[in-house]
Each structure stands twice: as structure tokens, then as C-alpha cells.
Number of protein chains: 2
Amino acid sequence: MALKTCHTPASENLRAESKPKVTIAEVAQKAGVSPMTVSNVINNKPNVRPHMRQRVLDAIAATSYRVNPVARALAGGKSRMLSVITQQPHLPYVAEVLTGAAHEAQKQNYDLVVLMFGRRSQSDLAAISRLSAGALLIQPSRENLLGIADLPEHVVSVDGPGPRPLGVDNYGGACQAMQHLLSLGHTRIGFITGLQAAVYDQTPKHVLENYDYTYDHKDAPERLRAYRDCMKAAGLQIPHGYIQDSDYSRAAGERAAKRLLSLKDPPTAIFASCDAIAIGAIHVAQSRGLSVPQQLSVVGFDDFPVALQSHPTLTTVRQPLSEIGAAAVRLLVAMAEDWPQQEPQVFPTELVVRESTCRPT
Amino acid sequence: MALKTCHTPASENLRAESKPKVTIAEVAQKAGVSPMTVSNVINNKPNVRPHMRQRVLDAIAATSYRVNPVARALAGGKSRMLSVITQQPHLPYVAEVLTGAAHEAQKQNYDLVVLMFGRRSQSDLAAISRLSAGALLIQPSRENLLGIADLPEHVVSVDGPGPRPLGVDNYGGACQAMQHLLSLGHTRIGFITGLQAAVYDQTPKHVLENYDYTYDHKDAPERLRAYRDCMKAAGLQIPHGYIQDSDYSRAAGERAAKRLLSLKDPPTAIFASCDAIAIGAIHVAQSRGLSVPQQLSVVGFDDFPVALQSHPTLTTVRQPLSEIGAAAVRLLVAMAEDWPQQEPQVFPTELVVRESTCRPT
DNA sequence: TTGTATGCGTTATCAC
DNA sequence: GTGATAACGCATACAA
């Protein structure tokens with residue numbers, strides 16, 4: 001007895017206004033000046049008397065004139081637009097950087113466009129890239145970098161190879177996590193790696209077809225190195241099998257966690273290279289009847305929203321991603337406007353202690 | 001005893017190549033033809049002999065020429081670029097639509113740019129909009145629509161007012177959820193609304209400053225209407241207080257759930273207008289010692305990733321958002337290429353039964 | 001301080 | 001089938 005389904009009234013056909021196409025020449029005529037003067041007014045050039053300026057401004061308002069940025073770009077003018085180049089703007093990492101960047105851009109009165117560069121993009125995207133005052137690369141791969149022929153003059157990159165890299169101190173952050181576990185008294189600490197070159201082939205084929213996943217970033221190796229160093233500095237041996245490979249996905253994290261917990265002498269704590277892995281590990285542990293954190297402590301890395309959704313909530317290392325996004329935009333604006341600049345390029349992480357860790361029992 | 005923090009090696013200064021800036025004229029000269037012929041070759045015009053075409057193609061390859069889309073746009077050429085207009089590309093709803101759109105665009109050999117239109121955007125964004133073959137508005141507000149002066153010729157909008165709206169059957173979807181609860185035997189069913197005009201003022205001020213939240217969409221009212229109709233059709237009265245206002249946030253959802261569960265005769269089931277609200281309701285119930293679903297069944301709407309993260313996993317109504325995104329792109333491409341078109345505009349939802357619902361006890 | 005001439009790189013139009 | 005010419009709308013450089 002299904003109720004009758006009622007559709008939304010739908011289209012009210014709120015059509016866009018017809019293109020006025022008013023040019024600078026018409027404004028000039030209306031104001032009784034030359035097109036050049038109008039241009040000067042638009043671009044806030046100092047060499048125009050207040051009187052004229054006002055007359056032009058009035059004419060602009062009267063005709064509801066708007067500059068044609070295409071023409072402006074072709075003629076060599078500057079734009080107040082920044083392009084963010086990334087393949088998957090919805091990934092948590094990218095999303096956070098993007099959010100920070102968007103906020104800062106708004107403050108600086110710049111616009112943001114997100115260019116989703118695929119494996120074989122049309123040249124149009126390159127044009128937008130050239131149109132913009134600068135580009136912000138988020139997690140670019142090397143292929144990606146080389147594939148984009150027309151980067152604007154100013155480029156910064158977040159978390160990846162490329163010019164003017166911004167990012168967090170992965171080694172230091174991982175040390176924070178390890179020292180938290182060590183100071184709680186853990187000695188049997190397992191580690192699940194992030195994306196290493198070795199697991200590249202495991203990436204599903206249909207993903208590879210659409211995107212560029214060549215991952216030669218430093219984050220995963222740095223976190224692993226910190227794990228080794230911290231264990232060593234604490235005078236601890238790393239038992240065989242205590243380092244399990246994975247990529248940054250939850251599925252791979254679960255597989256790694258299973259291997260870890262199936263060891264003869266399983267760890268009492270796991271340091272996962274990212275939150276997704278950590279959540280997976282918690283899930284695996286719980287489904288084996290282990291209580292977290294009493295019987296297994298878990299630390300993640302990232303502090304993504306999922307860290308708060310999990311039960312128990314996740315102890316993790318926060319990356320200040322939105323701050324990084326904002327800093328990237330500031331840097332870009334500084335370069336575009338020719339300001340003096342001296343921004344930090346490596347950001348500190350912060351250990352966020354929640355419910356997934358405690359002393360070993 | 002902090003370990004020495006080691007920074008990533010940082011910049012390898014992988015600079016972009018210097019701009020070649022090779023023009024169509026140079027190619028023409030090298031090929032010994034006129035610029036016009038080169039243009040014809042580039043645009044696959046039929047009126048050029050194979051022989052000539054090959055010569056031009058070779059010249060293009062030799063000079064590694066690439067069209068300047070800015071100039072092309074100024075001259076009135078067509079582009080293979082679609083712009084997605086949205087304010088917050090990272091919201092789950094937008095992200096899913098975007099993902100579907102991106103996939104489809106790649107299939108169709110179109111590029112996607114995401115324009116983050118803010119309250120006061122530069123005109124540059126409008127230019128990009130004009131540069132593109134079509135625009136996909138995701139959850140546009142009416143203000144948003146009016147504010148964007150330069151929409152391209154072809155526009156579709158997903159979930160919101162605007163030309164050529166695409167979206168789900170909110171009424172039908174809500175009926176699915178209600179009938180699931182009713183068929184389980186629930187009679188005391190509470191409802192938590194989505195964003196109604198009434199709660200608009202509760203939106204934090206700093207959010208309002210940056211974004212456009214005027215929400216005159218039909219989704220929330222439609223779901224409420226379905227709730228009322230289903231209750232009525234089942235011969236059930238709606239007790240006082242069984243409809244609680246909220247917006248689409250988890251926080252507001254928790255507040256509403258608290259009110260609901262504090263009633264003298266609390267419901268045995270809650271239908272929440274979205275997953276975030278549902279998750280909040282589950283959390284509130286559990287922290288009051290109620291077990292879900294045994295003592296309280298909860299149904300959401302959306303089927304966002306969080307639906308799987310929650311404990312118990314969430315029964316909810318799935319919106320085929322990525323399909324909608326893909327359909328939107330197909331529609332846009334069809335319009336741009338002047339294909340015959342007859343796409344469906346309202347998509348069916350799907351009830352996904354998971355662990356958060358059961359018979360009342 | 002204001003106006004004029006010229007060019008940006010491409011496509012449309014319309015001759016040839 | 002091919003090519004000369006004229007826009008497209010603005011900014012730079014320079015002249016008035």
C-alpha cells in the first residue's frame with residue numbers, strides 16, 4: 001500500500017538574465033571620456049582626478065558594466081583569482097586544506113577555483129591556470145606536476161613534491177604519538193605504514209585509470225622512520241612482524257591490523273599512519289573481543305572528523321591542515337602582489353589525546 | 001627527552017617550464033599555410049584536405065603548440081569545460097554529486113572546474129563561468145542564483161531552485177523510511193525536521209558572513225509532509241511534541257532528540273531528516289542508557305559515509321547523488337553539443353536497512 | 001591628467 | 001579548400 005509519491009514542483013525556470021555585453025567603450029561614451037580613463041578607474045590607477053573618477057563610476061553603475069576578465073587576461077592584465085589544483089577535492093585531507101584556503105582567500109579578496117586535473121585534461125584547464133594569479137597544488141604527484149604544462153608564475157604545493165612545499169613535520173608528529181605510547185608504559189608497539197611504493201600495485205585498476213596515484217611523498221616513510229627511531233631510543237627491539245604495510249585506506253588498515261593481532265606476541269598498542277587505518281584497527285580489535293583501549297591502545301595520525309565519530313574516540317596527531325591552506329594562500333597572494341615574504345614552510349603537529357589510549361594492563 | 005625533530009628535505013624546486021608561448025601564426029608559418037587553416041585543423045573542421053591536415057599536425061607537434069583558450073574564448077570559440085558552482089565543495093552532499101560529475105565529465109572528455117562563489121566574488125569567477133560550456137549549480141540558494149551575473153548559456157541545478165533542477169524524490173524517500181518503521185510495528189514515531197526557514201536565525205553569525213545560507217529548498221518540507229501523510233494514512237495521531245525542529249547539523253539534531261526523549265510518552269522510533277541528525281539522536285539515546293535499536297529505532301536520510309561509521313550502523317534512505325551528478329553532466333554536455341535530450345529530473349531513493357532499526361519491544 | 005595607437009591569439013565571415 | 005580581414009574587450013606604452 002504505497003502512498004502516492006509526489007514530486008517536487010520542480011522548475012520555476014529562474015533563467016539567467018540575458019548577457020548585457022556592455023563594453024568599456026560604451027561606459028566611456030556615457031561618461032564622456034576615453035576608454036582608457038575608464039580602464040584606469042577600474043584598476044584604481046592614481047592618475048585620475050576624483051571628479052572624473054566619480055563620473056566614470058556613475059557611468060559604470062548606470063550601465064551595470066562588468067569587466068570581461070577574458071579580454072583582460074588576453075591583454076595581459078592581472079587577476080585576483082587563485083587556482084587550487086587537485087584531483088579529488090572531497091578527500092578529507094584536501095577538503096581541510098581547501099577550507100582554510102577558501103577562508104583566507106576571501107579575507108584577501110581573492111577568488112578560488114578548483115581545477116580537477118585528470119589524466120588527460122583539455123587545454124582549457126591550463127588556460128584557467130594561466131588566468132589565475134597563482135596556483136595551489138594539493139598533494140600533487142610528480143606525474144601530475146609534469147603533466148600540467150601551464151602553471152601560473154606563482155606556485156606553492158601542499159604535501160608533495162613541487163615548488164615551495166608546505167606541510168607538517170611528519171617525523172616530529174610521529175614522535176609525539178610514539179612518546180605518548182611509550183610514556184604510558186607500552187613496550188610492545190606495532191606500526192602500520194602508510195602508502196609506500198610497495199603497495200602501489202594493490203590500488204584498484206579502475207582508480208588508477210582515472211587518477212594519478214603515483215605517490216612519492218615523504219610522509220609515510222618519515223612516520224616509519226620516527227617509529228624506528230623512537231623504539232630504538234627507548235631501548236626497545238622491534239619484534240618481527242611488528243611493522244605491517246598498508247596504504248592509507250581503512251580496508252588495508254584492517255588487513256594489517258589482523259596480521260598484527262594474529263602474531264604470537266601481539267602488541268599492546270598500535271600506531272597507525274593515519275586515522276582511517278586506526279579506525280580499521282579498532283574495528284578489527286573489537287570484533288575479536290579485545291576492548292580498546294584497555295587491551296589495545298590505538299593512535300592515529302591526521303585528526304580527521306572520523307576521529308571523533310569512532311568509539312572510543314581516537315587519540316591522534318593533528319595536522320593543522322586548514323592553517324596550512326590559509327598560509328598557502330597568503331604566500332601566493334604575497335608573491336602575486338610582490339610583497340615581502342618569509343613564511344614558515346613546515347608546520348608543527350599536535351598530539352590530541354582522546355579515549356583510544358591508556359596504560360597497558 | 002624529545003627526539004630531535006627532522007624536517008622533510010623540502011623544496012627540490014621543480015619549477016614549471018618557461019612558457020613557450022608559441023602562437024598559431026608560428027605553426028602556420030612552419031607548415032607553410034595560413035593561420036586559418038591551422039585553426040580549422042585544430043577544430044576538426046571538415047574543409048581541409050588530409051594532406052594539409054597532416055602537415056599542420058606535424059607542425060603542431062614540432063612546435064609543441066597548444067591553443068590559448070583565453071584567446072579562443074575572446075574570439076567566441078567553444079570550450080569543453082564545465083563549471084560546478086558551489087560554496088562548500090567538501091560537504092558530503094556536494095562531494096558526492098561532485099564525484100559523480102567528475103567521473104562523467106571525464107568520460108565525456110570534458111573538464112571540470114569548481115567555482116567557489118562567495119558573498120562578494122570578483123568578476124573573474126564570472127568570467128570562468130562564461131568561459132565554460134555549461135554550469136552545474138549544486139544546492140544553489142536564490143541569492144546565490146541572482147548574485148551570479150554571468151551564468152553560461154546552459155545551466156542545470158542540483159537540489160535547489162534554478163533552471164533545470166535535478167534531485168531526488170524527497171517525499172517518496174521519506175515515505176519509504178516511514179513505511180519501514182510502520183511495517184516493523186512502530187506506532188510512536190517521532191520526527192526531526194531539516195532546515196526550515198524558522199531556524200535560519202540560529203545559524204552562527206560567522207558562517208552567515210562568509211556564506212549564503214538562505215535555504216528555500218523543498219527537501220525539508222517535503223520530508224515533513226511525507227511524515228504527516230504516512231502517519232495519517234496509518235491511522236495514527238501525531239502526539240504533541242513528536243515533531244521537533246532542527247537544521248541539518250548533528251548538534252541541532254542532538255538538541256531535538258533530547259527534547260523528543262524527554263517527552264512523557266517518548267517515541268519508540270525516530271525518523272531524522274538526515275544522517276547527521278540521526279547519528280546525533282543515536283548518541284543522545286545511548287548516553288541516556290537506551291539501546292539502539294532495541295529501545296529506540298532510528299532512521300536517517302542521505303546514506304552518507306557516516307551511516308556506516310556509526311554504532312549501530314544506520315538504516316537510512318539513500319540518495320543517488322553521484323548518479324545525479326553524472327546525469328547533470330550528461331544533460332549539460334547534451335545541451336552544449338546540441339544533442340537531443342530527454343533526461344529524467346527526479347531520481348528515486350532507496351531504503352537501506354541496517355542495524356539501527358528493529359521491531360518495538 | 002587624459003587620450004591614441006597598437007597588440008594579445010584566436011575564430012567568423014566572406015571573399016577567392 | 002584556402003586565406004585575407006575584421007572583430008573579441010581590454011591594457012600597455014607612449015604621445016598630447
Side-chain angles (χ1 to χ4, degrees), chain A residues 19-57 59-60 63-81 122-124 126-128 130-131 133 150, chain B residues 19-56 59-60 63-81 122-124 126-128 130-131 133 149-150:
Chain A
K19 311 288 159 48
K21 286 256 184 194
V22 35
T23 77
I24 206 172
E26 303 177 44
V27 177
Q29 182 171 10
K30 184 155 192 106
V33 298
S34 84
M36 201 50 242
T37 301
V38 177
S39 174
N40 285 332
V41 169
I42 293 170
N43 296 316
N44 278 317
K45 293 286 168 67
N47 56 339
V48 53
R49 285 180 315 198
H51 175 64
M52 283 269 102
R53 178 179 301 275
Q54 191 53 51
R55 233 168 66 191
V56 171
L57 252 27
I60 288 179
T63 57
S64 73
Y65 161 82
R66 324 187 68 211
V67 296
N68 179 341
V70 174
R72 163 184 286 176
L74 184 53
K78 297 294 174 196
S79 84
R80 292 183 68 86
M81 189 178 70
Q122 308 299 318
S123 55
D124 298 358
I128 310 298
R130 267 216 292 237
L131 264 177
D150 299 285
Chain B
K19 310 287 157 47
K21 288 257 185 192
V22 36
T23 78
I24 206 172
E26 304 177 42
V27 177
Q29 183 171 10
K30 185 157 189 103
V33 298
S34 83
M36 203 49 238
T37 300
V38 176
S39 174
N40 285 332
V41 169
I42 293 170
N43 297 313
N44 277 318
K45 292 286 168 67
N47 55 338
V48 51
R49 286 179 314 197
H51 175 64
M52 284 269 104
R53 180 181 300 275
Q54 191 52 51
R55 236 170 62 192
V56 171
I60 288 179
T63 56
S64 71
Y65 162 82
R66 323 186 67 210
V67 297
N68 179 340
V70 175
R72 163 183 287 177
L74 221 213
K78 296 295 175 193
S79 84
R80 292 182 68 85
M81 189 179 69
Q122 307 299 317
S123 54
D124 297 0
I128 308 299
R130 266 217 292 235
L131 262 178
D150 298 286

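The sequence lines fix the lettering, A, B, ..., with proteins before strands; numbering per chain opens at 1. Just so we're clear, the structure is a prediction, and the values are computed from it rather than from any experiment.
- Contacts of V33(B) with the nucleic acid, taken as non-hydrogen atoms under 4.0 Å apart, involve only primed sugar atoms and P, OP1 or OP2.
- Inter-residue side-chain proximity for T23(A) and E26(A) is flagged as met; some heavy-atom pair is nearer than 4.5 Å.
- Look at S34(A) and you'll find a side-chain N or O under 4.0 angstrom from OP1 or OP2 of dG3(C).
- Checking the phosphate oxygens (OP1, OP2) of dT2(C), a side-chain nitrogen or oxygen of R49(A) falls inside 4.0 Å.
- I24(A) comes within 4.0 angstrom of sugar-phosphate atoms only, judged by non-hydrogen atoms across all strands, and of no base.
- Across all strands, N47(A) comes closer than 4.0 Å to base atoms (heavy-atom distances).
- Checking the phosphate oxygens (OP1, OP2) of dA11(D), a side-chain nitrogen or oxygen of S39(A) falls inside 4.0 Å.
- We find that NE2 of H51(A) is positioned 9 Å from P of dT2(C), with the value rounded to whole Å.
- When rounded to the nearest whole Å, the span between NZ of K45(B) and P of dT10(C) equals 14 Å.
- For A75(B) and M36(B), each mapped to the nucleotide of DNA chain D holding its nearest heavy atom, the one lying further toward the 5' end belongs to M36(B).
- Nucleotide dA7(D) holds its C1' atom 10 Å from the CG atom of L74(B), rounded to whole Å.
- Nucleic acid contact for N40(B): none, since no nucleic acid atom lies under 4.0 Å from a heavy atom of the residue.
- Rounded to an integer number of Å, the gap from CZ of R55(B) to C1' of dT2(D) is 12 Å.
- Nucleotide dG9(C) holds its C1' atom 13 Å from the CG atom of N43(B), rounded to whole Å.
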